[in-house]
Amino acid sequence: MTAFDDLMTHARETQALAQVAGRLGWDQETVMPRGAAPQRAEEMAALEAVLHARRTDPRVAEWLAEARAPDAAGQAQLRLIRRQHERAVKVPARLAAELARVTSRAQGVWAEARRSEDPGAFVPVLAEVVALRREEGAALAAGGDLYDALLQDYEPGTTAAEIEAMFGALRPRLTELRGAVLERPAPEPLKGHFDQAAQYALARELAQAFGYDLSRGRIDTAVHPFSAGSGLDVRITTRTDPADPFNCLYSTIHEVGHATYEQNIDAAYLLTPVGQGASMGVHESQSRLYENQLGRSRAFTGWLFGRMRDVFGDIGIADEDAFHAVVNRVHRGFIRTESDELQYNLHILMRFDLERALVAGDLTVSDLEAAWNDRFAADFGYAPKRPSDGFLQDVHWSVGLFGYFPTYTLGNLYAGCLHAAMRRDLPDLDAALAQGDPSPATGWLREKLQRHGGLMEPRDLIEAATGEAPSEIPLLAYLEDKFGQLYRL
Ligand code: ZN
């Protein structure tokens, strides 16, 4: 056995245990009996301790020093193992434990503060979370930028300055487009009662059409839809609302984007570091492209309109064009998760700027609510009237996820780049989408991007797939064209 073989054997076992930990998380959100929660917390903590010990095992550093990779994939494995090991050893055990303890408490405090519209109850514990994450950032950054250090957990190889350059170019054109669209008459939302079992059956049909392999996956219901797992066991969840079938159908297509990415990674990388998606941003690019550029396209919604009438009867919409407009309806609101394709990124851009200022120490948690409301008014034209519509709306900061928000918009930017390249390669794509068949597009993504898993860094992967470095330009062109046509600008 060479050092490389020893290292890979160790990494495979670690990966297998991490998959088990992930499946416990899936179980907790889907089928776990409510009374099991205290025991589950101990089970997960015990498994997490095993994983931490394996990742900080001193033998890993010794193997890394000696290991010679046999090929490019082996080099990528070494790069990912080294990154994970260095991250794990840099953070003192005391700090990791303190972060776990405080964020677990903060999440409960946040939920109660949001319910009772009491920001003052949340501010002190959020200040503790920010302080701990700054301490962690300092341990990881070794003199460098704290936010960049935190970002590496979600979008490795990317800096806040690179993100800022793209986000800064997006903001003025998105606020302008949004303003122009909202001055035009908007379609009415869908109305009626839609049988939930029929929604679920149609969601399954869509999942398979988009390439989800149910022999290596399954669909369950959960309060918040998500995708979990990798390799031969990748599961998704969805939810049904009798008044809003789009919620079920489009969140299913979104999660299928995440799940098929994992399912389509080259089987040779199974249970290794390379056998996972490249980053949160690349993951989100797949889910957004499936959901928006494909699922909300004129061609595909034309087919979906007919299918929904087959399933639900008359849905109160006259024709395919009207249906396409309803699916892409832009409306005023405060909540990120209820936002449309056009306004969504404005929500993320403000969170990125605010959390960067918090981590840099340029903004205090006591001033966060005022800063949020000012920025929201500047970009959206009106300010939230209650904290649950404002800075208390998202769970992310309470659990310490600083550096995570920008990956949502990076995903949209990458999706814009991939979609433009895909359309160049597949001039007849709309003809297939109009038959309810996205397989030319999903096949293109599998070949160009998905099968590689973590072989390349995110930006290199997008460039390899599209022939160009990632930029905001294709996404802006797509949004301006699509909403310009829909709202006759
Ligand atoms: Zn997603």
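Atoms within a ligand are numbered from 1 in the order they appear, just like the ligands themselves. The shown structure was predicted, so the numbers you read here are calculated from the model rather than taken from an experiment. One is the number of the first residue; the rest follow in order along the sequence.
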Discussion item. At a threshold of 2.8 Å, where the distance has to be below it, does the Zn ion (ligand 1) have an N, O or S atom of E255 nearby?
Written reply: no

Discussion item. Between R423 and D430 (salt bridge meaning N to carboxylate O under 4.0 Å), is one present in this structure?
Written reply: yes

Worksheet entry | From F405, F167, Y408, Y154, residue fulfilling ring-ring contact (aromatic ring centres under 6.0 Å, His included) relative to F352 | F167

Discussion item. Under 2.8 Å from the Zn ion (ligand 1), can any N, O or S atom of H254 be found?
Written reply: yes

Worksheet item: Which is it for E341 and K482 under the side-chain contact (heavy atoms from CB on, under 4.5 Å) test, yes or no, and what are the steps along the way?
Response: CA-CA 10 Å; E341 199 181 350; K482 176 174 181 172; 2.9 Å; yes

Discussion item. Aromatic contact between Y290 and H254, with the criterion being ring centroids under 6.0 Å apart: yes or no?
Written reply: no

Worksheet item: What N/O/S atom of E284 gets nearest to the Zn ion (ligand 1)?
Response: OE1

